[in-house]
Colleague: 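Can you keep this structure in mind? I'll have questions shortly.
The first residue in the sequence is number 1, and the count goes up from there. In each ligand, atom 1 is the first atom listed, and ligand 1 is the first ligand listed. None of these values were measured; they are calculated from a predicted model.
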Amino acid sequence: MRIDLISIFPDYFAALELSLVGKAIAGGLLELGIHDLRDWTHDRHRTVDDTPYGGGAGMVMKPEPWGEALDALVPADGPRPVLIVPTPSGQPFTQPIAAELAQAEWLMFACGRYEGIDARVMEHARTRMDVRELSLGDYVLNGGEVAALAITEAVVRLLPGVLGNPESLVEESHGAELAGLLEYPVYTKPASWRGLDVPPVLLSGHHGEVARWRAEQARRITAERRPDLLKAAELGNAELAE
Ligand code: 6GU
């Protein structure tokens, strides 16, 4: 897979050299391109924003630098990337979307700042590529960079050969997560710590009882924290649970 990230703060993406994503790059499973949007400005101040038509607070990202950046990075006669535009007004990003994006050969992130990118940039890009406006959740970040990092990590860990222990992925697709539930609590040694004991069933060696206990816990935690997911899970409707 290739991933290109366009931003006025390319330094945000230094974190991708670390851990799992860094290893995927070192291992040749992932190619990363990091681009400064201001490289496609032409004025002395390298201006990327302007005031919004129709009035209102804040600034809007000008279309011209984005248009030039996409023209430069996506030649008309070659393969087309999936263009991901992180925005709080996007479709909610979920695990099934991560799995879908992990099938793509080429992802490109357009990270906006301020009040967003002139809407014509996405409208024009749609004529040439698959555009996905995605949100991490119902809260506001200052820009798309942190969301692009989160989406990149969620996608890259699904690429074949990236995860140290692929059993974790198998478990994710058979356990509580597939059922649309939150995960059960986990424990490791020591069996007793600061007066708190690991639930004895986990030390019992009875695999059936362990599985039953974990299913109960997953249900309890989901009921407490995400009653919306529990309803969907009980309908056995995986899509609603997503
Ligand atoms: Cl994807 N972008 C921004 N700027 N804020 C967000 C978000 C994305 N998801 C949640 N809040």
Colleague: Over all heavy atoms of both residues, which pair between Gly180 and Leu229 is shortest? Give the atoms and the distance, please.
Modeller: O-CB, 3.7 Å
Colleague: Using a strict cut-off of 4.0 Å, indicate which atoms of ligand 1 neighbour a heavy atom of Ser135.
Modeller: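 Going through ligand 1 atom by atom, the ones under 4.0 Å from Ser135 are 1 (Cl), 9 (N), 10 (C).
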Colleague: Between Arg113 and Glu145, does at least one N-O distance fall below 4.0 Å, as a salt bridge requires?
Modeller: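 Salt bridge between Arg113 and Glu145, a charged N being under 4.0 Å from a carboxylate O: yes.
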Colleague: Heavy-atom contacts with Leu134 under 4.0 Å: which atoms of ligand 1 show up? List them by number with element.
Modeller: 1 (Cl)
Colleague: Under the salt bridge (Lys or Arg N to Asp or Glu O under 4.0 Å) rule, collect the residues that match up with Arg212, sequence neighbours excluded.
Modeller: none
Colleague: Using a strict threshold of under 4.0 Å (side-chain N to carboxylate O), is an ion pair present between Asp118 and Arg120?
Modeller: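 Counted as a salt bridge, because a side-chain N and a carboxylate O are separated by less than 4.0 Å.
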Colleague: Heavy atom of Gly90 under 4.0 Å from ligand 1?
Modeller: no
Colleague: Are any of the N or O atoms of Asn142 closer than 3.5 Å to those of ligand 1?
Modeller: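 For ligand 1, there is no N or O atom that lies under 3.5 Å from one belonging to Asn142.
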Colleague: When you measure from atom 3 (C) of ligand 1 to every protein heavy atom, which one gives the shortest distance, and what is it?
Modeller: Pro88 CD, 3.3 Å
Colleague: Specify the protein heavy atom at minimum distance from atom 5 (N) of ligand 1: its residue, its atom name, and the distance to 0.1 Å.
Modeller: Leu141 N, 3.0 Å
Colleague: What protein heavy atom is closest to atom 9 (N) of ligand 1, reported as residue, atom name and distance in Å?
Modeller: Leu136 N, 2.8 Å
Colleague: Applying side-chain contact (heavy atoms from CB on, under 4.5 Å), can you list everything that pairs with Gln91, at least two apart in sequence or on another chain?
Modeller: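 In terms of side-chain contact (heavy atoms from CB on, under 4.5 Å), with neighbours along the sequence ignored, Gln91 is linked to Ile97, Arg132, Leu134.
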Colleague: Can you tell me which residue and heavy atom of the protein come closest to atom 6 (C) of ligand 1, and the distance to 0.1 Å?
Modeller: Tyr139 O, 3.5 Å
Colleague: Where on Thr87 is there a heavy atom closer than 4.0 Å to ligand 1, on the side chain, on the backbone, on both, or on neither?
Modeller: backbone
